Amino acid sequence: LAKRLRKAPRVIATELAGELTAVLRELEGVASVEVAGAGYLNIRLNRAAVAREIAQDKHADVGGPGFRLVEHTSINPNKAAHIGHLRNAILGDTFQRLLRPDSYKRGYEVGVQNYIDNTGVQVADVIVGLVHLEGKTLEGTRELLAELAAQGQRIDFYCWDLYARVSQWYTADPAEAAARKQLRLDTLHALETGGNDTAEIADLISTAVLHRHLETMERLSIEYDFLPRESEILHLHFWDAARALMIEKGVLYEETEGKNKGCMVMRRAGSEVAAGTTDEDAKVIVRSNGTVTYVGKDIAYHLWKFGLLPGKDFGYAKFHEYPTHTCWISTDGPSDPSHPVFGKADAIYNVIDSRQNDPQNNVVQALLGMGFTEAAERYTHFSYEMVALTPRCAIELGYTISEEDKAKSYIEVSGRKGFGVKADDLLDQLIAAAQAEVDTRHPDLGDEARRTIATQIGVGALRYFMLRFTRNTVIAFDFNDALSFEGETGPYVQYAIVRAANIFRKADTTAEDSLAAVAGLDLSSILDSEEGTSLWETWLLASKLTLMIEQCIATAEPAYLAKYAFQLAQQFNNFYHRHHVLKETDATRKALLLATAAVAQREMVRALGYLGIEAPERM
RNA sequence: GGGCGAGUAGCUCAAUGGAUAGAGCAUCAGCCUUCUAAGCUGACGGUUGCAGGUUCGAGCCCUGCCUCGCUCACCA
């Protein structure tokens, strides 16, 4: 009705406003409704009545049935995770927290997967470096891994450097370039075929690096349910089933003429081909040498995700234990019969950066072409822009950059040049900065307690930083911004929560008791007054968390929740400054102030929980 | 050249077609004997890239133009 009111011509709008006013007046908690102009109604609520409901936590249900699947993009298990991976993992993890039924009665069943691209060129490059630059055999690789572990060195950091080194090595000597590129192709081929020393070395390395990735992400409270590997998609012949299905449905056909002669191709969306000519614009799915492209593998994988790939499933093995659940990995060996069901999703969110918009569209196109329109509709590319470095940040890190790059607002990171910021290094810096602050503020606390707080603050700063930007904003990374604990940051919200906790401790009460006390009080005289309006605004804002979550899910945009958490903290700090709770002498007034702090704190803690950020005991 | 995205305060970013375009940072001026200042208050800062159009109303929608980024392989 409100929408119609806005769109309607004036004469009708007046009638609609009357209609809407009548409806609103019937609602519980609505004190008065007045027409305030075209498209506006002034609604006054019965503040005391609504506040009681909020205190009793009668928030709306969100969500519904269904199995959602959030997939994080492939992190190639060939080197350390960097800030780009952090944005991906934090966005995906936060979104799946919103979908899960943890705090709300009706949530979604969610499975979080992380695709492991363990047969691609990136892994191949590291293996080339290991074998041809470092002279490692299979046995030598085992020794290397043992040696690094004994010295407390990290394999993913080792590979970070090696990968940059081998990338330069390919082209360093023009006379050798062709031979070295061939070496790379041979290695890639050996990985795809499997059953040889090269593939075994790659498996050792990528498994070791994968364990490190899970550890890095676990530092940020990010967990996975299943790790499907590309090697299994190949070895279990997912593609054969997909290929048969695509041919049957008529989306895949053999090209007999033109530049794609001898390939199996798929028509692109919107391309029109005149009769009797070849589709030069078609997407190649199977190369003329018979091997399948990435897009083909991706289509097969997504058919499996939706449970549309007949007769094919992964083998499953336990890979990593979290405190509350197991992370499984795919295997082409014997499958552990105790594995949960993965795939068969009703809806999919693919958390992949915006550079993959085109490839993602190919998958949707294939689904549509095969008549799986419902699957195509419930396939969401949760797209986000990359994390780049500011030129100043690049210089700080010791990289030499061109004059042209210096003029830009940001520079894309490059693993091939070893140009970027490692996730663990950044987190270490954040925690160290927080630790220094906590040490000076709380010398009385024990080492363990201070370390815990510093970690919570560091993680809070990092997760909030990655979430405060909307998805289609390129993050120009800068240490000054990321290391800040003031202003619009995670620690700002954490600090507001700690302040509230301090009130309850000093007042010798709890937030729960403060909220329960509201039931027996007459709050209307204070809340309805001019003076009570600022208090009321805190209550109103605090009651909007579920609305925010619904909006975040509908738009697939976690940034709104981050913004909300900050605004609520701002509102609370305002309240904190304006009303000195402990000095209040009037009993009713003090009870209301305590309850206001309690309701704000409750919702701030919840909001941060959804953002994957903990509230420290002290700060 | 095609596709996608962006252009808003000195900087980094917000803003369902709706009321006076908001935050943070930076700068300047204040506030710690207080529920710890990781905080609060105030000031400064805007022709929302340009030009038209639609609308009662446009940062947002439409058309054209300018600038920047990403992308467009039988790579992955």
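Just the heavy atoms: all of them, side chains too, but no hydrogens, waters or symmetry mates, feed the values below. For clarity, every value in this text was computed on a predicted model and none was experimentally measured.
- Residues A:R505 and A:I475 both approach RNA chain B. Their nearest nucleotides, taken by heavy-atom distance, put A:I475 toward the 5′ side.
- Nucleotides B:rC62 and B:rG3 are separated by 14 Å at their P atoms, to the nearest Å.
- Other residues, nucleotides and ligands place more than 12 heavy atoms under 6.0 Å from the CD atom of A:Q182.
- Residue contacts shown for A:E412 are limited to sugar-phosphate atoms, with no base heavy atom under 4.0 Å away.
- Within 4.0 Å (heavy atoms only), A:D117 reaches sugar-phosphate atoms of the nucleic acid but no base atom.
- B:rG59 and B:rU54 have their P atoms separated by 16 Å, with the value rounded to a whole Å.
- The side chain of A:E486 approaches B:rA38 more closely than any other nucleotide in the set B:rA38, B:rA76, B:rA37.
- Heavy-atom nearest nucleotides on RNA chain B were determined for A:F485 and for A:L188, and the one closer to the 5' end corresponds to A:F485.
- Residue contacts shown for A:Q551 are absent, as no nucleic acid heavy atom lies under 4.0 Å away.
- Of the candidate nucleotides B:rA14, B:rA6, B:rC35, B:rA14 has the atom lying nearest to any side-chain atom of A:T473.
- Dashed line: the shortest gap from a side-chain N or O of A:Y410 to OP1 or OP2 of B:rC70 is not under 4.0 Å.
- The aromatic rings of A:H302 and A:Y379 stand perpendicular to each other, their planes meeting at an angle above 60°, with 30° marking the opposite boundary.
- At the heavy-atom level, A:H442 lies under 4.0 Å from base atoms of the strands shown.
- For the pair A:K506 and B:rU36, the criterion of a side-chain N or O lying under 4.0 Å from OP1 or OP2 is met.
- Look at A:Y495 and you'll find a side-chain N or O under 4.0 angstrom from OP1 or OP2 of B:rA38.
- The distance from atom CD of A:Q365 to atom P of B:rG3 is 16 Å, rounded to the nearest whole Å.
- A donor and an acceptor atom sit less than 3.5 Å apart, one in the side chain of A:R441 and one in the base of B:rA38.
- Remark: the separation of the C1' atoms in B:rU55 and B:rU63 is 16 Å, to the nearest Å.
- Contacts of A:K259 with the nucleic acid, taken as non-hydrogen atoms under 4.0 Å apart, include base atoms.
- For B:rA14 and B:rG52, the P atoms lie 29 Å apart once the distance is rounded to whole Å.
- Distance from the side chain of A:Q356 is smallest to B:rA76 among B:rU34, B:rA76, B:rU71.
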With salt bridge (charged side-chain N to carboxylate O under 4.0 Å, His left out) as the test, would you mind laying out the steps for A:D240 and A:R243 before giving the verdict?
CA-CA 5 Å; A:D240 292 349; A:R243 172 199 177 103; 6.0 Å; no

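- Between B:rG7 and B:rC75, the distance separating the two P atoms is 34 Å to the nearest Å.
- The line from CG of A:L593 to CZ of A:R578 is 12.0 Å long, rounded to the nearest 0.5 Å.
- Residue A:E614 places its CD atom among 12 or fewer non-hydrogen atoms of other residues, nucleotides or ligands, all under 6.0 Å distant.
- With distances taken from any side-chain atom of A:M619 to the nucleotides B:rC70, B:rA38, B:rC40, the minimum falls on B:rA38.
- With a glycosidic angle no more than 90° from 0, B:rC32 adopts the syn conformation.
- B:rA14 atom C1' lies 16 Å from atom CZ of A:R471, rounded to whole Å.
- The residue A:N574 sits close only to the backbone: its heavy atoms come under 4.0 Å of sugar-phosphate atoms, none of a base.
- Counting only heavy atoms from C-beta outward, the side chains of A:E617 and A:Q456 never approach each other to under 4.5 Å.
- Regarding A:N260, its CG atom lies at a distance of 10 Å from the C1' atom of B:rA73, rounded to whole Å.
- Within the nucleic acid shown, A:V474 comes within 4.0 Å of sugar-phosphate atoms alone, with no base atom in reach, counting heavy atoms only.
- Of the candidate nucleotides B:rC40, B:rC74, B:rC13, B:rC13 has the atom nearest to the side chain of A:A476.
- Side-chain atoms of A:H235 come within 3.5 Å of backbone N or O of A:S231 as a donor-acceptor pair.
- With P as the reference atom, B:rG1 and B:rC13 are 27 Å apart, rounded to whole Å.
- The CD1 atom of A:I431 sits 13.0 Å away from the CD1 atom of A:I453 when rounded to the nearest 0.5 Å.
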Given Watson-Crick and G-U pairs under 3.5 Å, RNA chain B in dot-bracket ([ ] crossing, | other strand) is (((((((..((((....[...)))).(((((.......))))).....(((((..]....))))))))))))....

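- Summarising the geometry, the separation between CZ on A:R184 and C1' on B:rC75 is reported as 8 Å, rounded to the nearest angstrom.
- The CD1 atom of A:I503 sits 13 Å away from the C1' atom of B:rG39 (whole-angstrom rounding).
- With A:Y384 as the aromatic partner, A:R87 does not meet the cation-pi criteria of under 6.0 angstrom to the ring centre and within 45 degrees of the ring axis.
- Stacking between A:Y576 and B:rC40 is absent: the aromatic ring centre is not both under 5.5 angstrom from the base six-membered ring centre and within 30 degrees in plane angle.
- Stacking between A:H577 and the base of B:rU41 is absent under the criterion of ring centres within 5.5 Å and planes under 30 degrees.
- Side-chain proximity of A:M386 to the nucleotides B:rA38, B:rG69, B:rC75 is greatest for B:rG69.
- Separation of the P atoms belonging to B:rU16 and B:rG30 is 39 Å when rounded to the nearest angstrom.
- Taking atom CG of A:D358 as the reference point, atom C1' of B:rC75 lies 15 Å away to the nearest angstrom.
- For the C1' atoms, the distance from B:rC68 to B:rC28 is 34 Å, rounded to whole Å.
- Looking at A:L389 and A:I83, their side chains come closer than 4.5 Å, going by heavy atoms from C-beta outward.
- Within the 4.0 angstrom heavy-atom criterion, no nucleotide atom of any strand lies near A:Y384.
- Here the side chains of A:N78 and A:I127 are not in contact, with every heavy-atom distance at 4.5 Å or above.
- Using a 4.0 Å heavy-atom criterion, one finds that A:V123 contacts no nucleic acid atom at all.
- When heavy atoms are screened at a 4.0 angstrom cut-off, A:I457 is found touching base atoms of the nucleic acid.
- Distance CG/A:L611 to OG1/A:T94: 6.0 Å, rounded to 0.5 Å.
- Picking from B:rC4, B:rA38, B:rG5 the nucleotide with the shortest atom distance to the side chain of A:N357 gives B:rC4.
- In this structure, the OH atom of A:Y464 is 12 Å from the P atom of B:rC25, given to the nearest Å.
- Across all strands, A:Q494 comes closer than 4.0 Å to no nucleic acid atom at all (heavy-atom distances).
- Residue A:N502 places its side chain closer to B:rC35 than to any other of B:rA23, B:rC35, B:rG69.
- Atom CD in A:Q571 sits about 17 Å away from atom C1' in B:rG24, given to the nearest Å.
- Distance from the side chain of A:E385 is smallest to B:rG5 among B:rG5, B:rA38, B:rC40.
- Ranking B:rA76, B:rU36, B:rC40 by closeness to the A:R618 side chain, first place goes to B:rU36.
- You'll find a donor-acceptor pair under 3.5 Å spanning the side chain of A:S288 and the base of B:rC74, going by distance alone.
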